[in-house]
Structures are given as structure tokens and as C-alpha cells.
Number of protein chains: 2
Amino acid sequence: MPKDQSTEDRIKDAAKSIFVQKGYAGARMQEIAEEAGGINKALLHYYFRSKDQLFEKIFEEVFQEIMPKLNAVLNLEGSVLEKIDAFVDEYISNIRRHPHIPLFVIHELSQNPDRFVQKVTANPGLPNVARLMMEIMEAMERKEIRTFVPMHLFMNILSMCVFPFVARPIIQSVTQMDDLNWDQMMDDRAEMIKRFIHAALEVE
Amino acid sequence: MPKDQSTEDRIKDAAKSIFVQKGYAGARMQEIAEEAGGINKALLHYYFRSKDQLFEKIFEEVFQEIMPKLNAVLNLEGSVLEKIDAFVDEYISNIRRHPHIPLFVIHELSQNPDRFVQKVTANPGLPNVARLMMEIMEAMERKEIRTFVPMHLFMNILSMCVFPFVARPIIQSVTQMDDLNWDQMMDDRAEMIKRFIHAALEVE
DNA sequence: GTCTATAGCTGGATAGAC
DNA sequence: GTCTATCCAGCTATAGAC
């Protein structure tokens, strides 16, 4: 445990780790205190007042940490296929670095969908999906890529990038993959998805 | 609330509904009792002894309910493409009927991955993924379909079927879809996925 | 700022009347 | 089988010494 960190930061890191793994309802203040290097439970309240407020702070941070990155790639210049490739690369590499974040965000938002709206209205960094939809449609009209309903295409891409990490425990069980196998598989994941999408979209 | 149901069944239905929505840690025995039509809390313990055992029963039931169906489609006769189509149809229609199940199962299994192993060893109904992998490889060698790493192909298919339902609150927020829009979109989902997969797999 | 001690509450579980 | 009343553990939160 890094001793050069302020107590507040140690608590935040610990809280993030525990909340992300166990969710709000499953997390315990005591466990967070221990994770923070044996800090006293009372200090969590000294710094953050309540479990609710600590969670809110963490969720906010996680959200602010991922959204701008995910958004940036949608604003790149280039062809639709280039954009999709960049999207896949960015998502896969981000999620590999923080594999528990998607399930955490999904689970907490499904408990309280309003949270998302609040976060988003407070913050203009919402991914600009509408623009991508437009560009996909234009590329289809120009016959650059095969025609699909853009929203479904978008869902397909997103799903292939995110889902394996969300469902990792199930997938590993069903397919009998060990952790080493899993990592090797994920090393190729971005390339595989891009190849798959290109194959589906190419006009003959 | 159906009065012709036994108390035990009312409790099971209520527990399923609450556990599936809130997860084990987020569920409250009191809430389950109310959901069961104002039944007394003590009765939950009379019938199921503890929250743990009630949950275990529910999880078991959910698991037994979905696994055989998901498994059956993998044992069908036919070409690989036919099998994939059947897989997509079966998954989409099942999940549309029980849209909260996947996130529930994923979330609880990520809290306790061993649970899956127990369920599976106790029950031979595990989806036979290995066989599908084999058939995919053979079809690729025969040049019936384009070549991909079979496991990635499998993940792609599974992801496209399941993920939209898991991430529904986020997707609806990001894309500004209302519920009507969502339902219309999901009416076409199976067809869209099949078209997408066929396009990706077709050899020119 | 950090600790100990403890208050106060929530929620799972049980006893016992009916 | 079902209810009321109550217990008790575990958890959040606070008071107060240092």
C-alpha cells in the first residue's frame, strides 16, 4: 500500500475497488477501511460523511474517467470504417485495463437509471452517437459499406467489445478456459472484431 | 395477485422478482414479503429457513429454467449456419421474455463464480460448446464459411444476442430511445443479427 | 486528522400465541 | 400455516478523547 498517498486518496482508491467488485449494496464500510490499509472506519465518515456520498463520489469519478475517452474516438475525422476500427481499439484496450467497470456501471445504472441522466446533463461529454449514425447512413448510401439498420450495427459493435468482459466468469466456465487462455484470447480480440465487422460490411 | 396460488409459490415468485431486480445483497426479506401480496415476513423463514436458502432455491430454478433451452439448440441437427440461426432465434426470444435474467446471473456469478461450477457439475445440461466449435472448424475447412477463430465467432454471436438486454438502460440513455422505440428495435433484432453474421461469414 | 467507544438502526431470524 | 412480538447481529454513523 502506497504510504505517500493522502488518507483521502487511499480511501477513494479502496472504495473504488470494493464498490466496483461488490456493488453499492454488497460493499461494507469496514471492508473499504481495511482495503485502504487498515484505516479506521470512522475516517470514511470524517472525509465523506456517509456511504451514499462516498459512493456517489466514486461513481462520478469512474464516469468522468471513462466517458471523455469513449467520446473522443467518436469525434475523430476519417471514414466510417476507420472510425469503427478506432472505436473497437479504444474500447477493448480501455476495458482490458479496467475489466470490472462495465458490469459495475451497468449494474448500478439498472438499479437507478436516473443517475445516468443526472451525470449526463451535468456533463456535456456524452458520446455523440447520433453523428455516427448519420455517417453510417451516408456511407451506406454511397455504397461504401453494406446496408444495415445503423442502430443495430452500432449495438453489434458495442456488444462484441464489451460483453465478453462482462460475462467473463460464465464464458470461462462454459468454455473451460483458464486465465492464461483468456488473456491470450483477449490479445487478439480487437483484431478479430475488426476483421469480423469488415467482412460483414464489405460490398462485393 | 393470484389468490389461487399456494403461499410457497407466491413467495417464490416474489423472491424471484426481487432477487432478479436487486441482486442478493440488494434484496430485502421485507420487500419480498410485500411483493408476495402482504404476506408476513416470518413465513419466508417458515418455508425457506433463511435468505441464503431462499436465494439458492431461486437461483437454482432460474438456472434450470434457462439451461436446457439454451442447450437444446446446440444439439440440433443441421448445417453450422442453420445452427447459428437457431441459436440466435432461441436466445433472443428467450431473453425478450425474461430480460432481467442475464444481468442477474452474470452479476451473481461474478460475486461467486464457484456457484456455476456447482450447478453445472450437479447437472449435465451444460451447453455443449465444444461440439459447436468443432463443427464451425469443419465448415471452415470445407470453405462453407469464412475463416475466423471459432471461439471469437462464438463470443461475437453470444454478445450480439445478450448484451443489448444487459446494457439496456445505458443504451437507451445514450441513444435517447424511449421504450416504444426499444421494443420496435428488438422486434427486428434476431433478423438483423442473422443477416450480419451471414454477411460476415459468406465466402465470395 | 486519527483513534476508541458506542449509539442507533436495519434487517435477518426466532419464539410463541392462535 | 399464519400472525405478532421480539431478539440479536451487523452495519452505518456519531461523540469525544487524543
Side-chain angles (χ1 to χ4, degrees), chain A residues 1-62 104 107-108 110-112 115, chain B residues 1-62 100 104 107-108 110-112 114-115:
Chain A
M1 99 205 54
K3 283 282 176 210
D4 55 347
Q5 237 182 347
S6 73
T7 299
E8 186 168 352
D9 285 344
R10 294 234 301 273
I11 293 173
K12 284 211 297 204
D13 286 353
K16 185 173 163 182
S17 164
I18 300 295
F19 277 137
V20 161
Q21 284 178 64
K22 313 232 166 155
Y24 176 81
R28 297 288 165 255
M29 296 296 264
Q30 180 59 44
E31 200 180 357
I32 293 173
E34 283 158 18
E35 176 81 14
I39 272 177
N40 195 281
K41 229 181 18 165
L43 281 183
L44 306 197
H45 291 92
Y46 173 79
Y47 282 106
F48 299 95
R49 186 127 198 109
S50 71
K51 185 184 179 185
D52 264 19
Q53 288 187 44
L54 175 56
F55 179 82
E56 203 56 46
K57 195 95 177 177
I58 298 301
F59 193 86
E60 176 77 24
E61 271 197 27
V62 166
F104 168 66
H107 184 253
E108 296 304 331
S110 78
Q111 296 304 307
N112 179 6
R115 208 190 294 277
Chain B
M1 104 208 43
K3 283 281 175 209
D4 55 345
Q5 237 183 347
S6 74
T7 299
E8 187 166 353
D9 285 344
R10 294 234 302 273
I11 293 174
K12 283 212 296 208
D13 287 352
K16 186 171 163 185
S17 164
I18 300 295
F19 277 137
V20 161
Q21 284 178 66
K22 312 233 165 155
Y24 176 81
R28 297 288 166 257
M29 296 296 265
Q30 180 60 45
E31 200 181 357
I32 293 173
E34 284 158 15
E35 176 81 13
I39 272 177
N40 197 282
K41 224 179 30 162
L43 280 183
L44 307 197
H45 291 92
Y46 173 77
Y47 282 106
F48 298 95
R49 189 138 194 102
S50 70
K51 184 184 180 184
D52 265 19
Q53 288 187 44
L54 175 55
F55 179 82
E56 204 55 47
K57 196 95 177 179
I58 298 300
F59 193 86
E60 177 77 23
E61 271 198 23
V62 166
H100 300 294
F104 168 67
H107 185 254
E108 295 305 328
S110 79
Q111 295 305 307
N112 179 7
D114 294 338
R115 205 190 294 277

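The analysis underlying the following values was restricted to heavy atoms, covering all of them including side chains, and did not include hydrogens, waters or symmetry mates. To find a chain, count down the sequence lines: A is the first, B the second, and so on, and within it residues start at 1.
Annotation: side chain to side chain donor-acceptor pair (under 3.5 Å) contacts involving residues 38-49 of chain A, sequence neighbours excluded, are absent.
Rounded to whole Å, the distance from NZ on B:Lys22 to C1' on C:dT10 is 15 Å. For the pair A:Leu44 CG and D:dT14 P, the interatomic distance rounds to 13 Å; values are reported in whole Å. Following rounding to the nearest Å, A:Leu43 (CG) and D:dT12 (C1') show an atom-to-atom distance of 15 Å. We find that CD1 of B:Ile39 is positioned 13 Å from P of D:dT4, with the value rounded to whole Å.
Taking B:Lys12 as the reference, B:Glu61 meet the side-chain hydrogen bond (donor to acceptor under 3.5 Å, both in side chains) condition, with sequence neighbours excluded. Residues meeting the side-chain hydrogen bond (donor to acceptor under 3.5 Å, both in side chains) test with B:Gln30, sequence neighbours left out: B:Glu34. With sequence neighbours excluded, no residue forms a side-chain hydrogen bond (donor to acceptor under 3.5 Å, both in side chains) with B:Asn112.
Annotation for B:Phe48 and B:Gln53: closest pair O-CB, 3.3 Å, computed over non-hydrogen atoms.
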Which atom pairs, one a donor and one an acceptor, fall under 3.5 Å between side chains of residues 16-26 of chain A and the rest of the protein, sequence neighbours left out?
{"unit_1": "A:Lys16", "atom_1": "NZ", "unit_2": "A:Glu65", "atom_2": "OE1", "d": "3.1"}
{"unit_1": "A:Lys16", "atom_1": "NZ", "unit_2": "A:Glu65", "atom_2": "OE2", "d": "3.3"}
{"unit_1": "A:Ser17", "atom_1": "OG", "unit_2": "A:Gln21", "atom_2": "NE2", "d": "3.2"}
{"unit_1": "A:Gln21", "atom_1": "NE2", "unit_2": "A:Ser17", "atom_2": "O", "d": "3.3"}
{"unit_1": "A:Lys22", "atom_1": "NZ", "unit_2": "A:Glu31", "atom_2": "OE2", "d": "2.9"}
{"unit_1": "A:Tyr24", "atom_1": "OH", "unit_2": "A:Asp52", "atom_2": "OD1", "d": "2.4"}

Within the 4.0 Å limit for protein heavy atoms, which parts of nucleotides 12-18 of chain C are touched? Write it as a string from 5' to 3', B for base, S for sugar-phosphate only, - for none.
BBB----
